[in-house]
**Student:** 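Dropping a structure here in structure tokens format, bear with me for questions.
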Protein chains: 2
Amino acid sequence: MTQVSKLRRPTTPKQAAARCGPVDKFLDPSLFKAFSDPTRASLIACIAKCGRGCSVGEVAECCSVDFSVVSRHLALLARSGVLEATKEGRTVFYRVRYAELCKSLRSLADALEECCPEKGAACNGKCC
Amino acid sequence: MTQVSKLRRPTTPKQAAARCGPVDKFLDPSLFKAFSDPTRASLIACIAKCGRGCSVGEVAECCSVDFSVVSRHLALLARSGVLEATKEGRTVFYRVRYAELCKSLRSLADALEECCPEKGAACNGKCC
DNA sequence: ACAATGCTTGCACCATGACGCAAGTAAGCA
DNA sequence: TGCTTACTTGCGTCATGGTGCAAGCATTGT
């Protein structure tokens, strides 16, 4: 098993990139950073479950951290495209961007699957 | 528009949780933390594109960080369930757990969509 | 004009984590 | 028994980021 890379690497990275879809495109760290914090995850879950726009104050009731922390997290989530903010008077409503979010998640899943289609002819038994 | 919470909150959080699927279950921060770092994202993309198990050394060639850093990242990714490690002699091969990963991503998308079915009768026009 | 409400922002603190270097471990080879 | 290869781990450093408090800003009501 010497020269492992020669024996086990039939494709160059460039060839692999051509064979697969643009996985990189959907592996956006800034998007997933939004989900990587437990507090943010609970905020997202809170708003998602409500199924409508929620004010900062309402969301703050759902978790134990400071009001200002919630405000900052929601602003971050809006910047990263997970939430959408609409202002009515002095109240800001944040709602989940369901369609865009689901599309991003499914696009990544599709791109990954394209790299290794478990039922595909080219891959079957060879890699996964 | 006084008493906003009364007017705009027809469901309690508990009722909302019952109406929706268990979004929390699929919003696992430890999973998404794996994708939240640019270096890790490029490592995942590298292995995913190859479509087979890659050794630590091979993956290290794909990015500019130290070998030890790559080793640590891959170990972390294996712990969080994104990759799977198999040892052959003194070489460790990491491969993407395509099926499990895609399932997690799609489950989250499904759970989110269940919270706000854009074409659903109960939600249409009311929330999103 | 003044006060109250809803949210944002500045500041300081502290924990986490990403990184590189160097030493350590384990497997194969001479 | 060494020596090389492939990887892991300990350690110190530095940057990022999550948190709470307090002050600031914008909007609404009196």
Side-chain angles (χ1 to χ4, degrees), chain A residues 1-9 27 29-44 46-47 53-80 82-95, chain B residues 1-9 27 29-44 46-47 53-80 82-95:
Chain A
M1 180 84 77
T2 48
Q3 290 188 318
V4 172
S5 60
K6 291 275 171 56
L7 286 173
R8 299 184 59 106
R9 196 176 225 177
L27 266 177
S30 67
L31 172 64
F32 294 105
K33 192 166 260 181
F35 294 92
S36 67
D37 180 69
T39 304
R40 275 198 294 273
S42 69
L43 297 181
I44 296 169
C46 174
I47 301 178
C54 294
S55 71
V56 181
E58 285 175 333
V59 182
E61 291 174 9
C62 292
C63 66
S64 57
V65 296
D66 194 76
F67 188 89
S68 67
V69 173
V70 174
S71 172
R72 256 187 283 254
H73 276 311
L74 294 180
L76 186 151
L77 289 169
R79 277 198 302 275
S80 59
V82 174
L83 302 180
E84 188 180 16
T86 48
K87 195 170 184 180
E88 295 180 15
R90 54 191 167 190
T91 307
V92 178
F93 291 99
Y94 285 96
R95 67 170 197 86
Chain B
M1 182 82 79
T2 50
Q3 289 190 320
V4 172
S5 60
K6 290 275 172 56
L7 286 174
R8 297 184 59 105
R9 196 177 225 174
L27 267 176
S30 67
L31 171 65
F32 294 106
K33 193 166 260 181
F35 294 92
S36 68
D37 181 69
T39 305
R40 274 198 295 273
S42 69
L43 297 181
I44 296 169
C46 173
I47 302 177
C54 294
S55 70
V56 181
E58 285 175 334
V59 182
E61 291 173 10
C62 293
C63 66
S64 57
V65 296
D66 194 76
F67 188 88
S68 67
V69 173
V70 174
S71 172
R72 255 188 284 255
H73 275 310
L74 295 180
L76 185 150
L77 289 169
R79 278 198 304 276
S80 60
V82 174
L83 302 179
E84 187 179 17
T86 48
K87 195 170 185 181
E88 293 179 17
R90 54 191 167 185
T91 307
V92 178
F93 290 98
Y94 285 96
R95 68 168 198 86

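Naming convention: chains lettered A, B, ... in sequence-line order (proteins, then strands); numbering from 1 in each chain. Just the heavy atoms: all of them, side chains too, but no hydrogens, waters or symmetry mates, feed the values below.
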**Student:** Could you give the distance from CZ (R72(B)) to CG (D66(B)), rounded to the nearest 0.5 Å?
**Tutor:** 8.5 Å
**Student:** Measure the CD-OG distance between E61(B) and S55(B) for me, rounded to the nearest 0.5 Å.
**Tutor:** 7.5 Å
**Student:** CG of L83(A) to CG of L43(A): how many Å apart, nearest 0.5 Å?
**Tutor:** 8.5 Å
**Student:** Take atom CZ of F67(B) and atom P of dG10(D), then tell me their distance rounded to the nearest Å.
**Tutor:** 17 Å
**Student:** Is there a side-chain polar atom (N or O) of T91(A) under 4.0 Å from OP1 or OP2 of dG6(C)?
**Tutor:** no
**Student:** Going by the angle between their ring planes, with limits at 30° and 60°, are F32(B) and F32(A) parallel, tilted or perpendicular?
**Tutor:** parallel
**Student:** Report each atom pair, protein N/O against N/O of nucleotides 16-19 of chain D, whose distance is under 3.5 angstrom.
**Tutor:**
unit_1: dG17(D); atom_1: OP1; unit_2: K33(A); atom_2: NZ; d: 3.1
unit_1: dG18(D); atom_1: OP1; unit_2: R40(A); atom_2: NH1; d: 3.4
unit_1: dG18(D); atom_1: OP1; unit_2: R40(A); atom_2: NH2; d: 3.0
unit_1: dG18(D); atom_1: OP2; unit_2: R40(A); atom_2: NH1; d: 3.2
unit_1: dT19(D); atom_1: OP1; unit_2: T39(A); atom_2: OG1; d: 2.9
unit_1: dT19(D); atom_1: OP2; unit_2: H73(A); atom_2: NE2; d: 2.6

**Student:** Measure from CD on E61(B) to C1' on dC7(D) and round the result to the nearest Å.
**Tutor:** 15 Å
**Student:** Got a donor-acceptor pair under 3.5 Å from the side chain of S68(A) to the base of dC21(D)?
**Tutor:** yes
**Student:** Using atom names, set out every protein N or O paired with an N or O of nucleotides 24-27 of chain C below 3.5 Å, distance rounded to 0.1 Å.
**Tutor:**
unit_1: dA27(C); atom_1: N3; unit_2: R90(B); atom_2: NH1; d: 3.3

**Student:** Got a second to check how far S36(A)'s OG is from L27(B)'s CG, nearest 0.5 Å?
**Tutor:** 11.5 Å
**Student:** Report yes if at least one side-chain N or O of S71(B) is closer than 4.0 Å to OP1 or OP2 of dT8(D); otherwise report no.
**Tutor:** yes
**Student:** For the pair made of CZ in F93(A) and C1' in dT5(C), what is the distance, rounded to whole Å?
**Tutor:** 13 Å
**Student:** Can you tell me how far CD1 of I44(A) sits from NE2 of H73(A), rounded to the nearest 0.5 angstrom?
**Tutor:** 10.0 Å
**Student:** Looking at CD of E58(A) and OG1 of T91(A), how far apart are the two atoms once the value is rounded to the nearest 0.5 Å?
**Tutor:** 9.0 Å
**Student:** Are R40(B) and L77(B) packed together at the side-chain level, in the sense that at least one heavy-atom pair is separated by less than 4.5 angstrom?
**Tutor:** yes
